[in-house]
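Numbered from 1 within each chain, the chains take letters A, B, ... in sequence-line order. Bear in mind the structure is a predicted one, so any value in this text is a computation, not a measurement.
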Amino acid sequence: MLDLKLIRKNYEEVRKRLSLRGEEYVKLLDEVYKLDKQKREIQKEVENLRALLNRKSKEYGRLKREGKEDENLKKELTEIKENLQKLEEELKLLEEKLNYYLLRIPNLPHPSVPVGEDEKDNVEVRRWGEPPKFGFEPKPHWELGEKLGILDFERGAKLSGSRFVVKKGLGARLVRALINFMLDLHTSKGYEEVYVPHLVKPEILIGTGQLPKFEEDLFKCERDNLYLIPTAEVPLTNLHREEILKEEELPLYYTAYTPCYRREAGSYGRDIKGLIRLHQFDKVELVKITRQEDSYEELEKLVKDAEKVLQELELPYRVVELCTGDLGFSAAKTYDLEVWMPSYNRYREISSCSNCEDFQARRMKLRYKTKDGKNLYCHTLNGSGLAVGRTLAAILENYQQGDGSVIIPKALRPYLGGIEVIKPQK
RNA sequence: GGAGGGGUGGCCGAGCGGACGAAGGCGCGGCGCUGGAAACGCCGUGUGCCCGUUUUACGGGCACCGAGGGUUCGAAUCCCUCCCCCUCCGCCA
């Protein structure tokens with residue numbers, strides 16, 4: 001949620017920065033500006049009337065206790081109240097409208113974010129590792145996985161439809177190994193491991209920005225009014241919602257493994273094969289809650305912490321900075337990690353690390369008290385560390401051998417009882 | 001799922017129709033006492049919004065006692081609905 005005071009004070013500048021994401025949001029902003037002005041006028045009237053009512057009510061009570069009931073005063077009070085009720089309804093309506101628009105306006109891009117329309121305008125920051133050279137035609141991970149007997153898309157579909165997979169044997173074990181490997185790495189760097197609920201209330205999703213705008217992307221349990229989390233960012237970032245933290249407690253570093261559930265509405269036909277885009281996938285998430293002045297430094301460190309996973313697994317990747325048009329709803333600045341995928345012959349997203357500044361904190365009333373006693377909104381950051389399914393896919397493809405077998409990355413072997421290679425089933 | 005009890009400030013806890021943003025205690029901060037500290041004494045200590053000014057301060061106002069609605073001139077206090085927590089019973093990984 002954007003800061004109303006900022007909108008009031010620096011209207012033109014906010015408008016300009018928001019328009020970098022796309023012109024459609026500027027209309028919403030104009031609406032907010034107008035409604036806010038109206039709201040404050042009505043609010044002033046309401047509060048003045050209320051003050052009058054309070055004063056006169058006390059007066060009436062005082063008289064009554066003295067045995068002097070004043071019928072005229074009573075009538076006057078009733079009139080004030082009627083007036084007040086009308087204005088209050090108006091105020092409530094304005095507030096609802098204002099909130100409606102405010103909740104649907106995305107975060108402002110940080111001034112350092114490259115201006116651009118979409119993916120093609122993202123900027124590569126650095127590369128690590130070399131894409132492997134094969135002396136044979138590399139196979140896509142879904143073919144490898146099926147030949148190895150560790151991925152079963154057919155049975156996934158039998159159980160749950162398209163975009164679901166069953167992982168068996170070493171496939172299942174690899175998932176478990178990857179999760180443990182990632183969590184161990186992050187906790188060794190000071191992230192606290194958390195296990196969170198996978199079903200959350202609507203206001204939690206409003207807090208991180210998935211609602212109200214992206215309802216159709218979520219799985220919902222209608223009867224209980226709960227949603228399946230699309231990422232662990234949601235419960236992790238909301239952990240301290242509506243709290244006022246002590247400045248000394250910050251920064252907070254959290255990591256959690258959860259499955260993630262996404263309806264993938266509007267992605268029909270895209271990445272229909274393989275582990276790239278599923279309705280249910282596993283992810284280890286990193287979340288930071290920081291002081292305002294620290295968040296950009298913390299973002300750089302967060303990206304490095306996510307990169308470390310790929311480095312340890314010796315998977316080639318690059319870091320790109322998202323342009324204004326490609327930024328997610330809540331993010332002010334985002335770096336994507338893209339891993340090399342031989343079957344696509346290009347880099348594909350495996351992690352997304354964002355600084356949301358105070359955008360989410362404002363929505364969830366997450367604050368901290370400074371040493372001089374001021375309450376400020378925290379800055380929240382999140383990043384994948386990493387998407388487990390895509391990591392598995394990247395390992396299968398990058399470590400494949402001519403005979404269809406796959407070498408296990410060294411860092412992972414201790415988590416698999418020392419197994420060094422997966423061989424195709426006869 | 002059934003029966004009962006309860007949600008008040010950072011925490012504990014009183015208040016059960018007006019002087020209550022809320023006693024008292026703990027905690028925290030400041031000052032005093034002290035060589036220093038403990039103990040003690042005094043003072044202060046919630047959040048959000050709106051308005052004004054000499055605009056990182058001060059003054060004024062409004063709201064908030066789980067949430068929403070109602071009764072009343074007036075609600076933390078009475079009534080209704082919902083949510084959450086606790087205890088017991090049932091069921092259960």
Distance, [atom1] atom - from [M] to [N], rounded to whole angstrom:
N: B/rG21; M: B/rC28; atom1: P; value: 29 Å
N: B/rC85; M: B/rG29; atom1: C1'; value: 33 Å
N: B/rA22; M: B/rC65; atom1: P; value: 14 Å
N: B/rU8; M: B/rA76; atom1: P; value: 16 Å
N: B/rG61; M: B/rC78; atom1: C1'; value: 29 Å
N: B/rG24; M: B/rG41; atom1: P; value: 14 Å
N: B/rU55; M: B/rG44; atom1: P; value: 28 Å

Without decimals, in angstroms, what is the distance between [X] [atom1] and [N] [atom2]?
X: A/Gln43; N: B/rG52; atom1: CD; atom2: P; value: 12 Å
X: A/Glu59; N: B/rG74; atom1: CD; atom2: C1'; value: 13 Å
X: A/Leu376; N: B/rU56; atom1: CG; atom2: C1'; value: 11 Å
X: A/Leu52; N: B/rC73; atom1: CG; atom2: P; value: 17 Å
X: A/Ile80; N: B/rC62; atom1: CD1; atom2: C1'; value: 15 Å
X: A/Asn54; N: B/rG74; atom1: CG; atom2: P; value: 10 Å
X: A/Leu4; N: B/rC49; atom1: CG; atom2: P; value: 10 Å
X: A/Lys369; N: B/rU45; atom1: NZ; atom2: P; value: 12 Å

Enumerate all atom pairs, one protein N or O and one N or O from nucleotides 66-71 of chain B, separated by less than 3.5 Å.
none

N-O pairing of [X] and [Y] below 4.0 Å:
X: A/Glu264; Y: A/Arg163; answer: no
X: A/Lys308; Y: A/Glu312; answer: yes
X: A/Lys168; Y: A/Asp152; answer: yes
X: A/Arg126; Y: A/Glu307; answer: yes
X: A/Lys301; Y: A/Glu298; answer: yes
X: A/Lys86; Y: A/Glu90; answer: no
X: A/Glu88; Y: A/Arg50; answer: yes

Identify each donor-acceptor pair in which a side-chain atom of residues 186-195 of chain A lies under 3.5 Å from a protein atom, sequence neighbours left out, and give them as a table.
residue	atom	partner	partner atom	Å
A/His186	NE2	A/Gly385	O	2.6
A/Thr187	OG1	A/Leu183	O	2.8
A/Thr187	OG1	A/Asp184	O	3.1
A/Ser188	OG	A/Leu185	O	2.6
A/Tyr191	OH	A/Asp305	OD2	2.6

Is it the case that atom [atom1] in [X] sees more than 12 heavy atoms from other parts of the structure closer than 6.0 Å?
X: A/Glu297; atom1: CD; result: no
X: A/Glu243; atom1: CD; result: yes
X: A/Glu119; atom1: CD; result: no
X: A/Glu117; atom1: CD; result: no

Side chain of A/Arg50 (C-beta onward), nearest among B/rA63, B/rG46, B/rG74: B/rA63

Non-neighbouring partners of A/Tyr317 that pass ring pair (Phe, Tyr, Trp, His ring centres under 6.0 Å), sequence neighbours left out: A/Trp128

Could you tell me whether [X] contacts a base, only the sugar-phosphate backbone, or nothing, with contacts defined as non-hydrogen atoms closer than 4.0 Å?
X: A/Lys56; value: nothing
X: A/Lys5; value: sugar-phosphate
X: A/Arg362; value: nothing

Could you write out each protein N or O paired with an N or O of nucleotides 15-19 of chain B at a distance under 3.5 Å?
residue	atom	partner	partner atom	Å
B/rG18	N2	A/Ser57	O	3.1

Pairwise ring-ring contact (aromatic ring centres under 6.0 Å, His included) hits with a residue in residues 7-27 of chain A, at least two apart: A/Tyr11-A/Tyr33

ring-ring contact (aromatic ring centres under 6.0 Å, His included) pairs, two or more places apart, involving residues 65-99 of chain A: none

Return no unless some side-chain N or O of [X] is found under 4.0 Å from OP1 or OP2 of [N].
X: A/Arg40; N: B/rG61; answer: no
X: A/Lys81; N: B/rG74; answer: yes
X: A/Arg367; N: B/rG48; answer: yes
X: A/Asn48; N: B/rC51; answer: no

Partner of A/Phe181 under side-chain contact (heavy atoms from CB on, under 4.5 Å), chosen from A/Val284, A/Leu412, A/Val388: A/Leu412

With A/Ile422, the side-chain contact (heavy atoms from CB on, under 4.5 Å) member among A/Leu416, A/Leu144, A/Leu170: A/Leu170

Scan nucleotides 75-84 of chain B against the protein and return all N/O pairs shorter than 3.5 Å with their distances rounded to 0.1 Å.
none

Of residues 202-212 of chain A, the positions that come close to RNA chain B - non-hydrogen atoms, cut-off under 4.0 Å: none

Contacting residues from residues 239-253 of chain A, given that a heavy atom lies under 4.0 angstrom of RNA chain B: A/Ile244

Watson-Crick or G-U pairs under 3.5 Å in RNA chain B, rendered as dot-bracket with [ ] for crossing pairs and | for another strand: ((((((((.[[[..)..(.....]]]((((((.......))))))((((((((...)))))))).[[[[[..)....]]]]])))))))....

For residues 97-112 of chain A, run the donor-acceptor check on the side chains, cut-off 3.5 Å, and write out each pair with its distance to 0.1 Å, sequence neighbours left out.
residue	atom	partner	partner atom	Å
A/Arg104	NH1	A/Tyr100	O	3.1
A/Asn107	ND2	A/Ser330	O	3.0
A/Asn107	ND2	A/Cys356	O	3.1
A/His110	ND1	A/Ser112	N	3.1
A/His110	ND1	A/Ser112	OG	2.8
A/Ser112	OG	A/Lys333	NZ	2.7

Residue whose nearest RNA chain B nucleotide is more 5′ - A/Lys44 or A/Lys74: A/Lys44

Test item: side-chain donor near acceptor, A/Gln292 and A/Tyr368, under 3.5 Å: no

Any pair counted as side chain to side chain donor-acceptor pair (under 3.5 Å), so long as it reaches residues 376-395 of chain A, sequence neighbours left out: A/Glu233-A/Asn382, A/Ser295-A/His379, A/Gln360-A/Thr380

Considering all heavy atoms, the nearest A/Phe329-A/Arg21 contact: O-NH2, 3.6 Å

